[in-house]
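What follows is a set of notes on a single structure, which appears directly below.
Every chain is numbered from 1, with letters handed out A, B, ... down the list of sequences. What's counted below: heavy atoms across the whole structure, side chains too, no hydrogens, waters or symmetry copies. Just so it is clear, the structure is predicted and the values come from calculations on it, not from any experiment.
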Amino acid sequence: MKPTYDPAAVEADWYDIWEKSGVFAPEHNPDGEPFCIVLPPPNVTGVLHMGHALNHLIHDVIVRRKRMQGFKVLWLPGMDHAGIATQTVVEREIGREGLTRHDLGREAFVEQVWTWKRKFGGSITTQMRQLGDSVDWSRERFTMDEGLSAAVREVFVRLYEKDLIYRGNRIINWCPQDHTALSDIEVEYEDTAGELVYINYPFTDGSGHLTVATTRAETMLGDTGVAVHPDDERYSEAVGKTVMLPLVNREIPVVADDVVDPEFGTGAVKVTPAHDPNDFEIGNRHGLEAINIFTIEAAVNENGGEFAGLDRLEARRAVKEALSAAGHIDHIEERAHSVGHCYRCKTVVEPYLSLQWFVKVGPLVTPAMEAVRDGRTRFVPQRWENSYFHWMENLRDWCVSRQIWWGHRIPAWYCADCDEVTVAREDPTVCPSCEGSNLRQDEDVLDTWFSSALWPFSTLGWPEETADLADFYPNAVLVTGFDIIYFWVARMLKMGLEFMGEVPFRDVVIHGLVRTPDGRKMSKSLGNAIDPLDVIESHGADPLRLAIVQAAAPGQDVPFDMEWVEGARKFGNKLWNAARFVLGHVDSGSVPADGGYPESPGPESAWILSRLAAVVERFDELSDEYRFSDAYGLLYNFAWSEVFDWYLELSKAALADEASAPQTRQTLGVVLRDLLKLFHPAIPYLTEELWKEVVGDGLLAGARWPDPPPTAAPQSMAVFQELVGGIRRFRSSHQLSPRHALELRIADPESVIESWWERQLKSLVAVTAEFGDAPDSDGFTRVVAGPIQGFLPLEGVVDLDAERARLERALAGAEADFAVADKKLSNPSFRDRAPAEIVTKEEAKQAEAEATIAKLRAQLDELGDS
RNA sequence: GGGCGUUUAGCUCAGUUGGGAGAGCGCUUCCCUUACAAGGAAGAGGUCGGCGGUUCGAGCCCGUCAACGCCCACCA
């Protein structure tokens with residue numbers, strides 16, 4: 001083995017070996033209990049970023065451990081066709097040749113997208129391999145592949161048959177850039193400085209005017225009414241009258257409606273049914289006409305008279321000027337308001353009346369809320385359930401049609417002869433109503449999230465009743481960011497319950513965002529994003545993985561700093577060298593894959609085995625609660641400060657003794673092996689490489705998860721460590737070389753010392769220990785550890801001041817301990833009310849501190865003043 | 001307008017049944033000891049945001065205030 005850990009060398013070959021071996025497939029544990037996670041499908045246009053890395057690592061840490069625990073694990077990968085995003089990419093590409101998608105025509109354009117997908121769409125799958133994702137590639141799916149398309153069609157038809165999908169004229173969010181409708185959640189709102197324009201609308205009966213306020217003055221071109229609150233006395237006379245719409249000269253009624261807020265603006269609101277959702281509803285209630293004034297580009301159309309052809313912002317200015325010129329502007333206020341933008345292209349969306357397909361969510365919501373309320377699906381951390389409920393309670397119907405070409409085409413046909421609408425599983429050739437053949441399929445495709453909503457079962461073969469579907473639905477866990485709870489998680493719950501009759505997953509693990517060290521959002525456009533592939537290149541996948549896993553507290557954002565990766569790589573080096581040490585004493589390949597714990601370990605080994613047992617147990621508890629940063633933090637500290645810093649050092653003397661050498665070698669082997677197992681889910685490459693050296697039998701990725709080894713701990717380890725620490729402090733205080741041999745006499749009134757201390761004191765701190773009574777002469781100084789006192793000769797310690805300082809520091813510590821215990825114990829209520837074991841513990845602490853104080857004071861007295 | 005999160009060492013953050021304040025990095029001192037200087041040993045550093053309450057006991061529970069951040073809402 002090389003003397004230094006080299007991530008690049010270690011990581012070169014393992015992924016291929018794993019993949020070819022079949023460990024990543026559920027067939028690896030054919031008889032295990034099924035455990036399935038489906039990967040949130042990244043966009044086919046996507047490249048791996050830190051958000052993916054975090055998300056995938058949580059998956060991988062869960063899945064690799066479960067696999068080692070014997071579950072029949074499926075982690076199913078796939079990609080999302082990402083309708084608008086992908087179409088935009090390909091349009092941009094053909095745009096370089098001066099072409100639009102309309103030049104190509106629908107069929108040729110879609111073919112072009114497929115070509116693009118085959119050529120560039122796979123990059124994230126390569127990157128997932130670099131990261132080490134243990135997915136089952138044999139089951140990879142794509143939302144547009146044949147099976148999933150069949151599932152989408154089946155779902156659409158069934159929902160239509162149940163009257164849960166309908167087509168209707170509604171106000172939707174229109175993106176004038178992408179020329180498509182968006183669902184409510186595809187709109188991002190942002191506070192923007194704007195103005196509130198107060199416009200006077202004169203009454204037609206000549207009785208003065210009424211003032212309305214608007215932030216979008218141009219929409220007045222489409223006004224067909226004015227609304228006031230029914231109880232607003234200021235306007236009680238006005239209701240029923242008509243006003244003359246300026247510029248347009250349309251006579252429009254004043255109506256009374258409850259939704260109007262009398263406090264806002266003037267309490268009178270212009271009603272534009274075609275361009276505002278509220279106004280649309282007011283219009284419906286009062287029979288007001290809806291006049292669309294915009295083209296799909298959001299320029300004013302022919303209904304805008306003289307303003308036709310102007311873009312909406314130009315129109316806003318022109319309308320204001322014209323109103324002003326005609327004396328209709330009352331006044332204008334500055335006002336910040338929230339403006340919706342397309343989540344894809346960031347264009348300001350326009351509320352727009354159009355004919356679209358909608359999913360009626362009401363009947364789907366109730367079971368989906370019940371499932372979370374009664375715990376069939378559980379959010380981790382649980383607080384996200386509040387957001388989920390709140391959102392579900394206020395859901396409006398989901399607009400699922402998109403006016404683009406890349407996606408699942410809506411399976412609806414319109415008959416030109418009889419207006420019959422046919423929604424069918426098979427493409428119809430004749431109209432089922434009039435038997436005419438003049439059929440035209442709906443031009444629209446479905447929202448990308450429609451197919452994503454089916455992902456937990458469509459990927460397993462639904463609507464066919466496959467073996468995978470029987471095994472792996474419901475999925476065990478879903479791991480995702482909070483940002484797509486609404487987009488995805490809630491919809492999967494609705495669809496899963498509707499079509500499978502069962503929740504899609506038991507646990508939903510919600511993680512945060514990856515942030516920069518200064519807590520800002522990492523984004524490509526801000527230029528502060530760290531590319532995980534660069535990190536893998538420069539530091540290795542394992543260091544990146546360990547860094548992220550350690551930093552990712554459940555549900556919290558993850559500040560990502562290269563320092564963490566540096567630290568993780570240092571750990572890798574430490575583990576590497578620990579393995580080299582072990583292999584210096586244990587034959588390579590001689591450690592059994594499981595078990596093999598020594599039956600009668602020596603005291604040092606018994607101690608580390610007992611610690612290992614406790615760590616395994618706690619690690620599993622934490623992992624089962626998805627607290628991986630805590631689990632790996634625990635393991636990291638155990639490995640470094642207990643195994644490496646203590647046990648490996650202790651083993652040196654134990655190995656030198658022929659009697660204890662065999663069980664020590666055995667212990668070194670199995671402890672290292674179990675560390676490799678425990679670390680494997682987080683740092684699979686390095687641990688697999690070391691497994692080859694240490695165990696050499698099969699793949700670690702397919703090995704069995706460790707059980708806590710059965711052992712008992714020697715009682716004196718803590719005192720021994722304290723004594724060693726005391727001696728080291730003594731040396732450090734006097735700047736004595738660690739090699740400087742010391743003779744130590746140890747007085748042990750309570751007989752806690754064990755014989756192995758002697759060899760260890762020599763080995764660890766170069767001390768020759770002699771056990772016996774306290775020396776009866778001066779000329780010694782004390783090192784106190786619990787009940788025992790070590791006496792070191794003062795001879796050679798020239799600096800009495802330094803010695804006094806050391807003792808005083810120790811004394812201060814003991815006095816502080818005493819004070820804390822004493823304060824509690826001198827409180828009668830404490831003795832009355834605290835549990836007996838707590839009281840006993842405090843008494844013991846107090847007694848020990850008292851004894852230590854006495855010894856140190858005695859020593860200081862002997863030293864005298866300086 | 002409603003909801004949620006965060007506030008602990010110089011920095012980034014852990015601390016989940018209330019009972020000895022922790023990690024990594026940074027800093028100081030010593031040491032190239034035969035696994036590892038990408039290391040070892042020792043050490044400095046905190047009124048756990050403020051105030052009030054519950055409790056024998058509060059970083060942890062309750063109330064309140066403050067700062068920062070996020071989400072939601074029919075802000076015409």
Salt bridge or not between A/R627 and A/E625? Use side-chain N to carboxylate O under 4.0 Å.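 Looking at A/R627 and A/E625, the cut-off is met.
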Residues A/E843, A/R831: salt bridge by 4.0 Å N-O rule: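 Looking at A/E843 and A/R831, the cut-off is met.
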Between [atom2] of [N] and [atom1] of [X], the distance in whole Å:
X      : N      : atom1 : atom2 : value
A/F389 : B/rC4  : CZ    : P     : 14 Å
A/K521 : B/rC68 : NZ    : C1'   : 17 Å
A/H337 : B/rC74 : NE2   : C1'   : 15 Å
A/R515 : B/rC70 : CZ    : P     : 7 Å

Could you measure the distance from the SG atom of A/C399 to the CD atom of A/E186? Nearest 0.5 Å is fine.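 Spacing of SG (A/C399) from CD (A/E186) equals 8.5 Å.
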[X]-[Y] aromatic ring centre distance below 6.0 Å:
X      : Y      : result
A/F638 : A/Y632 : no
A/F679 : A/F571 : yes
A/Y636 : A/W640 : yes

Taking atom types as they are modelled, is there a donor-acceptor pair under 3.5 Å from the base of B/rC75 to the side chain of A/S338?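 Yes, the side chain and the base share a sub-3.5 Å donor-acceptor pair.
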Suppose we define a pair by two distances each less than 3.5 Å, Watson-Crick or G-U wobble; what does [N] pair with here?
N      : value
B/rC70 : B/rG3
B/rG52 : B/rC62
B/rA23 : B/rU12

I'd like the C1' distance from B/rG45 over to B/rG50, given in whole Å.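 Pairwise C1' distance, B/rG50 against B/rG45, rounds to 23 Å.
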In B/S/- notation (B base, S sugar-phosphate only, - none; protein heavy atoms under 4.0 Å), nucleotides 33-44 of chain B written 5' to 3' is S-BB-BSSSSS-
